[in-house]
Amino acid sequence: MPLSTQSQADADQYILIASLDNARNLSNILKAISLRDHAIFNATQNGLKVTVEDSKCLQANAFIQAEIFQEYIIKEDAVGFQVNLTVLLDCLTIFGGSTVPGVCTALRMCYNGYGYPLTLFLEEGGVVTVCKINTQEPEEPIDFDFCSTNVTNKVILQSESLKEAFSELDMTSEVLQITMSPSHPYFRLSTFGNSGNAHYDYPKDSDMMELFHCTSEASTCKYKMSLLKPSTKALALSCKVSVRTDSRGFLSLQYLVRNDDGQICFVEYYCCPDEEVEEE
Amino acid sequence: MDCVATGGNVKVLAKAIHSLSRIGEELYLESVEDGLALRSVNSSRSAFACFLLSPLFFQKYQAPSDQSFRCKMPIKVTLPAKSLSCSLASLDRSVEKCRIQLDSEKNRLTITLHCKHGLLKTHNLSFQDCESLQAVFDKESCANVLQAQPRLMVDTVLHFPPSLEEVNLSVTSDRVWLRNHVEDDADSLRAMMTELCLSSEEFDHFAVGTQTSVTFCLKELRVTVYLCILTRLSPVILSVTDSVLEANFVLATLSEDSHPKKNHVNSDTKHPDTEQPPDDFMSDDMDSFLIAMETSELPGPSHVPTSPPQPTNNRKHSFIEDEALAEGPPNKKFCSLFFGSVLPTPSQLPNQTMQSQEVLASDSEDENQTETS
């Protein structure tokens, strides 16, 4: 394979090498978090974590474990950089979307370290493309401090049913309200739009509901629709989603995504609640 | 008011709302003597649609305590319309029951969809009071009546490009021509002209009183089963009837004299002479006729010029997939478009054009009946 004919000397320079036989296994999951232009990459022995943030209120993370890659070499404990995600996605899909079965783009992603660009070697059908994307100083991702001990309510649903609800959400509503309660309506998504309000109720005994764990109190929180709507991309890719809220009203959405080869990756979204401004 | 639609009728209801959303921006809901009327009119008042759902359409039907209840709400924004009408293909699999309730105290309409897997969608909509939306037309006084299987109409319309704005329908004693309409002669030399000729044998019922030619907007002509052409005042009325629901679509037509291309038919001399601006479908007479504030009285059973409804059998046709008439015997739909709006004045003129909206007893479903070809 052309990609592996690089000289050993080149390989020694890189502090991070990650290779995939099918670049879609990376590009698809990155599309699910492509809210903004810039993404923070943090690579460790365990794999790759890519973070995108929006207005300090929303954070999306994609986790691609080391096992997903055909080759994963990291020479430091942690390697971090920031790149333009839009450009990266354009490069990963540089050969266009091939729908011919068996034909896919192979990827070898290499990084020399601080100050060096991110180098992508992409190959399809014998044609090799080399892309070098400038990297920036990585920003520190916000720590939403969402730990499982503070989680008050947790629901795991099959994505199928939520996909329908999300696609129909009234976009004239500024907020999406999520209610979780030990009694009816159990799990409810509500919108308040121009023509009225709408509620989507998921009963706890529905066969779409895999897990329903609610403390004794009902919790109702509102989140800005504009922040949550992009999560539909991750929802579309996923087969299961877990919805958790904590005592502060912060929301955590975790999506289980199966890639083309059936391997599992995770995408998660954290969102701050929409605080209503008190009017004087 | 409390109505519950279940099973296949949910899909029918969804398609009705979807059809209405293609016509106009607002959905007019009115409780009438014969059931529930859903109506819509386009902004230029050149197309109107009305679906009358009889109480039998619903599993449970409780009319509002205020018999003259009517309201309107934005249809495109109407969430139930959106959730009912989008993904129509999967609709019959996902929605099991649809319930419409009226809370007259709070001026709120609640639409509840019971879906698969226990999912419950509730939409609480605010609505506006409105005048009764009704078109003035009279199927009885139609000089020409054409009745055909829906497949025939669909196949005919299919030959015209989707971008085609207007189509001309000409009728003689033994033939029907459908042509695309071009505004002026200069264009007709460059444009692709399509002409379809159907003989009277293609129709289940063919009664032509006056040779005539009408032009109307094809875009708003959706699914049709029966054709009822009113020569005197030019609207084209397309009517679909069923045992449990009736729908009428009325389309405004261009004045005949406004275009000279009349090779085969004679203009009806009663047509107005005024030239119309190219984009205006309404003739002056039509305008005054339609704006005439007359009630539409719903009479008791009266003779309808057309023979009993034929079963629709176009479930396989992809063109009208999204407008497909309901499948199965109880779910046939009628679509007719009416123009104009009328104020609900209580007195009516005895000779007022009446639309016969009584529910026709459905013929024994002759599912084996094939379309004439």
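Below, read A as the first sequence line, B as the second, and so on, with proteins coming before strands; counting in each chain starts at 1.
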Exceeds 12 heavy-atom contacts within 6.0 angstrom, atom [atom1] of [X]:
X	atom1	value
A:K233	NZ	yes
A:K163	NZ	yes
A:R258	CZ	no
A:K204	NZ	no
A:Q263	CD	yes
A:E174	CD	no

Original post:
Is the closest side-chain heavy-atom distance between B:N124 and A:H199 below 4.5 Å?
Top reply: yes
Original post:
Within the distance-only criterion (no hydrogens, no angle test), does the side chain of A:S206 pair as donor or acceptor with the backbone N or O of B:H117 below 3.5 angstrom?
Top reply: yes
Could you measure the distance from the [atom1] atom of [X] to the [atom2] atom of [Y]? Nearest 0.5 Å is fine.
X	Y	atom1	atom2	value
A:R188	B:L120	CZ	CG	8.0 Å
B:L125	A:N194	CG	CG	12.0 Å
B:H123	A:Y200	NE2	OH	4.0 Å

Original post:
What heavy-atom pair brings A:P203 and B:G118 nearest, and what distance separates the two atoms?
Top reply: CD-O, 3.1 Å
Original post:
Is it true that A:E164 and B:K121 have a side-chain N and a carboxylate O under 4.0 angstrom from each other?
Top reply: yes
